Amino acid sequence: MHLNRTCSVSLVVDTMQLCIMAILTILSIISIIVYVEDAVYIMRKVQCPMKKRTSLWSSAAPTVISTITCLGLWIPRSAMFVEIGIGTYFGVCFYLILMVIIEGYGGKDALVKKLESTDVHINTGPCCCCCCCLPRIKMTKRKVNVFILVVFQMAFLKPLFNFIGLILWSDGIYNIEDLSGVSIALWMNVFLGFCTVLALWPIGILFREAKVHLAEFNMGTKFAIFQTMLILTSLQGSIFSILGNTGVLPCVPPYAFKARSHLMHYHLLIIETFLLTILARNAYRRKDEEAGFTIKTQTA
C-alpha cells in the first residue's frame, strides 16, 4: 500500500514537471518566431549594412539565451555546457551593444563630430562612479578606438577562457562548482569578472551621452535589456548555484540539490528571456532609411 502511494506521488511529480518543461519549451519556440519576424523587418527596413548586421546579432541575445537554456532544461547533465554557451554569446554582446551606440551616431567619425564640443564625463559606473574628481574629456577618434579595444577584450577573452575551460574539464581539473582557493575555475572567473567591470566602463561613458543624443533610437531600452541580461546570466545563476551547493534548496527526486538549482534557474531564465525578446522586438523595430556607412568608409 505504501509502495503504491509512493509510486503515484512520483508519477504526479513527473507529470507536472513534464508539463512545466513543455510550457517553457513553447515559450522558447515563440521567442524564436518573434525574433525571426523582427529579423525579417530589420533586413527590409534598415538600409545601412553595418547597422543591419549589428542589430540582428544584438537583438538575438534573449532568443539565443532562451534556446540554449531550453536545451539545458531537457538535458540536465549539460549544465556546464549551457553556462559556457550563454557566457560566450553574452561576452560578444558587450562588443555588440557598444557598436549599437557608435553606429547609432553614424559611425566613429560621426560620433567624434557630434561630441567634439561636449565635455564627456568619465566618472561612470562600475569603475569610477564615485570618482568625482576625474576630469572631463574631449572625444577623439583615438579615444573611441581605445574604448572599442577595452570592450573587445571581453568579447575575445570570454570565449577563449571558455575554450580553455573545456580542455581542462576534459582532463578533470576544471569544475565550475568548485569554489575552493585552489580552484582553476574560480580564479579564471575572478579574472573575467575584472574584465567585465573594465568593459562596462567605456560602454557606460558612451551610453551616458547616447541616451540624450540618440533617444529616438530607443537607446535607453536597448541598454536596459543588456543590463538585465547581464544580471540574469551572471548574478541570478550564481545565487542559485550557491543555494544548490549549500543544500538550501530541497532535494526533490529525480533531481539532486545541484541539478534542482540549475533547473529552477533555467525555469526563471526562459520566462525572463521570453519577456526580453518581446521588449527587444519593440526596441529594435525601427525603420531606418539612411544609407549609412560601410566598413570601408570607416577604415578609410
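Here the structure is a predicted model, which is why all the values come from computation and not from measurement. Heads up: numbering here begins at 1 and tracks the sequence.
- Closest non-hydrogen pair, T277 versus P62, comes out as OG1-CB, 3.4 Å.
- In this structure, the side chain of N162 engages the main chain of K158 through a donor-acceptor pair within 3.5 Å.
- Taking CG from D38 and CD1 from I33, the interatomic distance works out to 13.5 Å, rounded to the nearest 0.5 Å.
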Candidate pair N145 and K108, rule side-chain contact (heavy atoms from CB on, under 4.5 Å), full reasoning | CA-CA 8 Å; N145 289 331; K108 290 185 289 185; 3.0 Å; yes
(request) Begin from the C-alpha positions of V34 and T63 and carry the test side-chain contact (heavy atoms from CB on, under 4.5 Å) through to its verdict. (result) CA-CA 9 Å; V34 170; T63 305; over 6 Å; no
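- Other members of a hydrophobic cluster containing L149 are absent, since no ILVMFWY side chain comes under 4.5 Å of it, directly or through relayed contacts.
- Minimum interatomic distance between K141 and V112 (heavy atoms only, all atoms of both residues): N-CG2, 3.5 Å.
- Not counting sequence neighbours, F156 has no partner by the ring pair (Phe, Tyr, Trp, His ring centres under 6.0 Å) test.
- Under the 4.5 Å side-chain criterion, counting only non-hydrogen atoms from C-beta, I205 is in contact with W201.
- Here the CD1-CG distance, from I29 to L24, works out to 11.5 Å after rounding to the nearest 0.5 Å.
- Side-chain contacts under 4.5 Å among hydrophobic residues (ILVMFWY), followed directly or transitively, place I23 with no other residue at all.
- Residues M139 and L111 are in side-chain contact: their nearest non-hydrogen atoms beyond the backbone lie under 4.5 Å apart.
- Remark: F152 CZ is loosely packed, at most 12 non-hydrogen atoms of other residues, nucleotides or ligands lying under 6.0 Å away.
- When every heavy atom of V151 is checked against every heavy atom of A199, the shortest pair comes out as CG2-O, 3.5 Å.
- Q236 is listed as a side-chain neighbour of E272, based on a closest heavy-atom distance under 4.5 Å.
- Within the 4.5 Å cutoff, side-chain heavy atoms of C195 are placed close to those of Q153.
- In this structure, CG in L115 is found 8.0 Å from CG in L206, a value given to the nearest 0.5 Å.
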*Between L200 and T196, does a side-chain contact (heavy atoms from CB on, under 4.5 Å) hold up when you go through it step by step?*
CA-CA 6 Å; L200 286 172; T196 301; 4.3 Å; yes
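- In the hydrophobic clustering (ILVMFWY side chains linked at under 4.5 Å, chained through shared members), L71 stands by itself.
- Contact record, A60 with Y89: CB-OH, 3.6 Å, taken as the closest heavy-atom pair.
- Side-chain atoms of Y105 and K113, non-hydrogen and from C-beta on, never get closer than 4.5 Å to each other.
- Applying the ring pair (Phe, Tyr, Trp, His ring centres under 6.0 Å) rule to F161 yields the partners F191; only residues at least two apart in sequence or on another chain are considered.
- Not a single donor-acceptor pair under 3.5 Å links the side chain of S55 to the backbone N or O of K52.
- Within the structure, side chain to side chain donor-acceptor pair (under 3.5 Å) pairs that include any residue of residues 23-35 comprise T25-W74, S28-S66 (at least two apart or interchain).
- Applying the salt bridge (Lys or Arg N to Asp or Glu O under 4.0 Å) test to residues at least two apart or on different chains, none of the pairs has a partner in residues 196-217.
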Show which side-chain atoms of residues 91-102 pair as donor or acceptor with protein atoms under 3.5 Å away, not counting sequence neighbours.
none

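- For K143 (side chain) and K138 (main-chain N/O), a donor-acceptor pair under 3.5 Å exists by modelled atom type.
- When all heavy atoms of E103 and K51 are compared, the pair lying nearest together is O-CE, 2.8 Å.
- In this structure, CG on L73 lies 4.5 Å from CD1 on I270, to the nearest 0.5 angstrom.
- With sequence neighbours left out, the side-chain hydrogen bond (donor to acceptor under 3.5 Å, both in side chains) criterion links R286 to no other residue.
- Under the 4.5 Å side-chain heavy-atom criterion for ILVMFWY residues, a single connected hydrophobic cluster contains both I30 and I20.
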* Quick one: do T67 and I32 satisfy side-chain contact (heavy atoms from CB on, under 4.5 Å)? Show the steps, please. => CA-CA 8 Å; T67 304; I32 296 174; 3.7 Å; yes
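- In this structure, the separation between CG on L235 and CG on L230 is 9.0 Å, given to the nearest 0.5 Å.
- The CG atom of L157 sits 9.0 Å away from atom CD1 of I164, with the distance rounded to the nearest 0.5 Å.
- In the hydrophobic cluster analysis, where Ile, Leu, Val, Met, Phe, Trp and Tyr join through side-chain heavy atoms closer than 4.5 angstrom, F90 is grouped together with L275.
- When the side chains of ILVMFWY residues are joined at heavy-atom separations under 4.5 Å, either directly or via intervening members, M21 and I26 end up in a single hydrophobic cluster.
- For W57, the ring pair (Phe, Tyr, Trp, His ring centres under 6.0 Å) test picks out no residue, with sequence neighbours left out.
- L263 is listed as a side-chain neighbour of Q17, based on a closest heavy-atom distance under 4.5 Å.
- Cluster annotation: I271 and I68 are assigned to the same hydrophobic cluster (Ile/Leu/Val/Met/Phe/Trp/Tyr, side-chain heavy-atom contacts under 4.5 Å, transitive).
- When L276, T233, L232, V82 are each tested for a side chain to side chain contact (heavy atoms under 4.5 Å, CB included) with I65, only one passes: T233.
- A search for side-chain hydrogen bond (donor to acceptor under 3.5 Å, both in side chains) contacts involving S58 returns Y284, not counting sequence neighbours.
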Output a table of donor-acceptor pairs, distance under 3.5 Å, between side-chain atoms of residues 218-227 and any protein atom two or more places apart or on a different chain; print 'none' if there are none.
from: N218; atom 1: ND2; to: A283; atom 2: O; distance (Å): 3.1
from: K222; atom 1: NZ; to: F217; atom 2: O; distance (Å): 3.2

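- Side-chain contact between F81 and L166 is present, with at least one heavy-atom pair separated by less than 4.5 Å.
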